[in-house]
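Below is one structure, written out as structure tokens, with a few remarks after it.
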Amino acid sequence: MRDTATFDLSRSLLAWYDRHARDLPWRVSPADRAAGVQPDPYRVWLSEVMLQQTTVAAVRDYFLRFTARWPDVRALAAAPDDQVMAEWAGLGYYARARNLLKCARAVVDQHDGRFPDSHDALLKLPGIGPYTAAAIAAIAFDRPETVLDGNVERVMARLHDIHDPLPKSKPLLKAKAAALTPDDRPGDHAQAVMDLGATICTPKSPACGICPLRDPCQARAAGTQADLPRKMPKAPKPTRRGHVYIAQRADGAILLERRPETGLLGGMLGFPGSDWAEDAAEAPPFPADWTLLPAEVRHTFTHFHLILRVWTATVPAKVSPEGLLVMPKHAFRPGDLPTAMRKAHDLWRGSSTSGKIPRAGLS
DNA sequence: GATCCGTGGAT
DNA sequence: TATCCAAGGAT
């Protein structure tokens, strides 16, 4: 039962969203939504998968490239795996790209090319968990589902001044979020809470002064907003080391490998090399006149730091070792590599801008 | 429940 | 420089 205060709070949030909703490539504005425009479930799904643990700024161009190249779920389902993995390169969490293809093909094969509109049916699809199922059901189909992501957790923890640490407090935060979800405009509501968390109720120095929930916010009243939500401490990251081997043939071709489907950087292209361990031994993939580059690659993954030594060699054009992929010079694009491998390439080519190199494809 | 799985921007 | 952390899911 939603009481009057909860009703008013939800209305305040929607009113704020009507005025401040961000213009995002995958979003139907509240005005257009009110005029009857329906979101495309394919675009909602694609954006939500890309946005898993990933910022809007990082996703935007990837979303535009994907939708330009594969405008609907049937086009994506028909795409070759390696092209999709290459297009995802640099965005991270590559299991998402593998599951993206599995999901697109399941939608085509089992649902006649149309995304199911219920939370339970969506949850059965690869790469769609509790959050994404609720987000698609709410945003694409305007079902009264409650989304619980990092933004909603933070907003609810502050609104109700909840001090129990995550993830133990998740059920309580979900209940608070559910109590706030309206039957009217649940899709806009879901986006409103997340927008609020992303732009006002931010992790550090939240802008309480301009927050539409300033008055009812209990953490604001108690002065605890900067300390919420509390989280369990994280384990420190160990450092691992490894060797990679970049061979270029006399005809310009580069020798690469397709990494195994599971595990780190699964399914992505990479240079052959050693295991990554505390103290990895050299492991040239075939005999050659390997030269060690005078600098190292440093890269940080989710749970460890990596220091990579990069060896290079020029080999005859006929060299084609078993298990390696001969990538012709004209077909090789560093942007198709995951970032750790792209850094090794950049170190070799001297284009070692530490920053990100914009990928080709748009405009 | 705990662990694995990327990346880049903000602080 | 080091840490946090982002529209999480699979195992």
Side-chain angles (χ1 to χ4, degrees), chain A residues 22 24 26-27 43-63 85 88-100 102-103 122-136 138-140 145-155 165-168 170-171 177 187 189-199 201-205 226 229-239 259-268 270 276 298-306 337-343 354-359:
Chain A
R22 288 178 291 174
L24 304 174
W26 47 86
R27 172 173 287 174
R43 295 167 64 86
V44 173
W45 162 71
L46 179 60
S47 67
E48 289 300 340
V49 172
M50 287 183 166
L51 287 163
Q52 289 167 4
Q53 295 290 284
T54 309
T55 58
V56 165
V59 164
R60 184 179 270 108
D61 284 354
Y62 281 86
F63 177 84
M85 299 311 288
W88 196 278
L91 195 55
Y93 284 139
Y94 297 101
R96 293 185 295 172
R98 302 193 300 271
N99 285 327
L100 192 78
K102 288 182 192 168
C103 183
L122 288 161
L123 194 54
K124 291 185 169 69
L125 292 167
I128 298 183
Y131 163 76
T132 306
I136 297 172
I139 297 170
E145 298 288 343
T146 300
V147 299
L148 188 68
D149 72 331
N151 290 306
V152 181
E153 289 172 352
R154 186 170 57 256
V155 172
L166 285 163
K168 192 170 69 68
K170 232 174 161 175
H189 171 83
Q191 296 176 91
V193 188
M194 293 190 285
D195 262 25
L196 187 75
T199 63
C201 195
T202 50
K204 292 167 185 171
S205 51
R230 292 180 55 195
K231 298 187 175 181
M232 297 297 289
K234 296 170 185 175
K237 296 178 197 229
T239 296
R259 298 176 62 86
E261 284 296 305
T262 58
L264 194 64
L265 310 181
M268 300 299 291
W276 298 344
R298 289 177 175 274
H299 188 73
T300 298
F301 291 103
T302 307
H303 53 292
F304 66 93
H305 302 289
L306 176 66
L337 301 173
T339 301
M341 295 294 171
R342 200 213 71 220
K343 285 181 179 176
S354 58
K356 184 174 175 63
I357 299 171
R359 296 184 44 141

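Chain letters run A, B, ... following the sequence lines, proteins first, then strands; residues in each count from 1. Just so you know, these numbers come straight off a predicted model, no measurement behind them.
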Atom CZ of A:R298 and atom C1' of C:dA2: how far apart are they, to the nearest Å?
13 Å

Please report the distance, rounded to the nearest Å, between CZ in A:F304 and P in B:dC4.
10 Å

For A:R298, does the CZ atom sit with more than 12 other heavy atoms under 6.0 Å from it, leaving out its own atoms?
no

For A:G92 and A:P167, find the nucleotide of DNA chain B closest to each by heavy atoms; which residue's nucleotide sits nearer the 5' end?
A:P167

Using only atom types and a distance under 3.5 Å, with no angle test, would you say the side chain of A:K237 pairs donor to acceptor with the backbone of A:T302?
yes

Does A:H299 make a side-chain N or O approach to OP1 or OP2 of B:dT7 shorter than 4.0 Å?
yes

Has the side chain of A:R96 got a donor or acceptor atom that lies under 3.5 Å from a matching backbone atom of A:L91?
yes

With P as the reference atom in both, quote the distance from B:dT3 to C:dA7 in angstrom, rounded to an integer.
24 Å

Between A:R27 and A:D195, does any side-chain N to carboxylate O distance fall below 4.0 Å?
yes

Can you tell me which stems DNA chain C forms, taking runs of 3 or more consecutive Watson-Crick or G-U pairs with both distances under 3.5 Å?
B:2-5 with C:8-11, B:7-11 with C:2-6

Candidates A:V56, A:L46, A:D149 - the one meeting side-chain contact (heavy atoms from CB on, under 4.5 Å) with A:L51:
A:V56

Anything under 30° is parallel, anything over 60° is perpendicular, the rest tilted; go ahead and classify A:F301 against A:W276.
parallel

In whole Å, I'd like the distance from the CG atom of A:L337 to the C1' atom of B:dG6.
15 Å

In whole angstroms, the gap separating C1' of B:dG6 from CZ of A:R98 amounts to 12 Å

Is a side-chain donor or acceptor of A:W88 paired with a backbone partner of A:G92 at a separation under 3.5 angstrom?
yes

For B:dT3 and A:H303 - does any side-chain N or O of the residue sit under 4.0 Å from the phosphate oxygens OP1/OP2?
no

What integer number of Å spans the P atoms of B:dG8 and C:dG9?
22 Å

Backbone N or O of A:A198 within a donor-acceptor pair of the A:T202 side chain at under 3.5 Å?
no

State yes or no: are the ring centers of A:F63 and A:W26 separated by less than 6.0 Å?
yes

How does protein contact run along nucleotides 4-11 of chain C, one letter per nucleotide 5' to 3', with B for base contact, S for sugar-phosphate only, - for none, heavy atoms under 4.0 Å?
-SBBBSS-

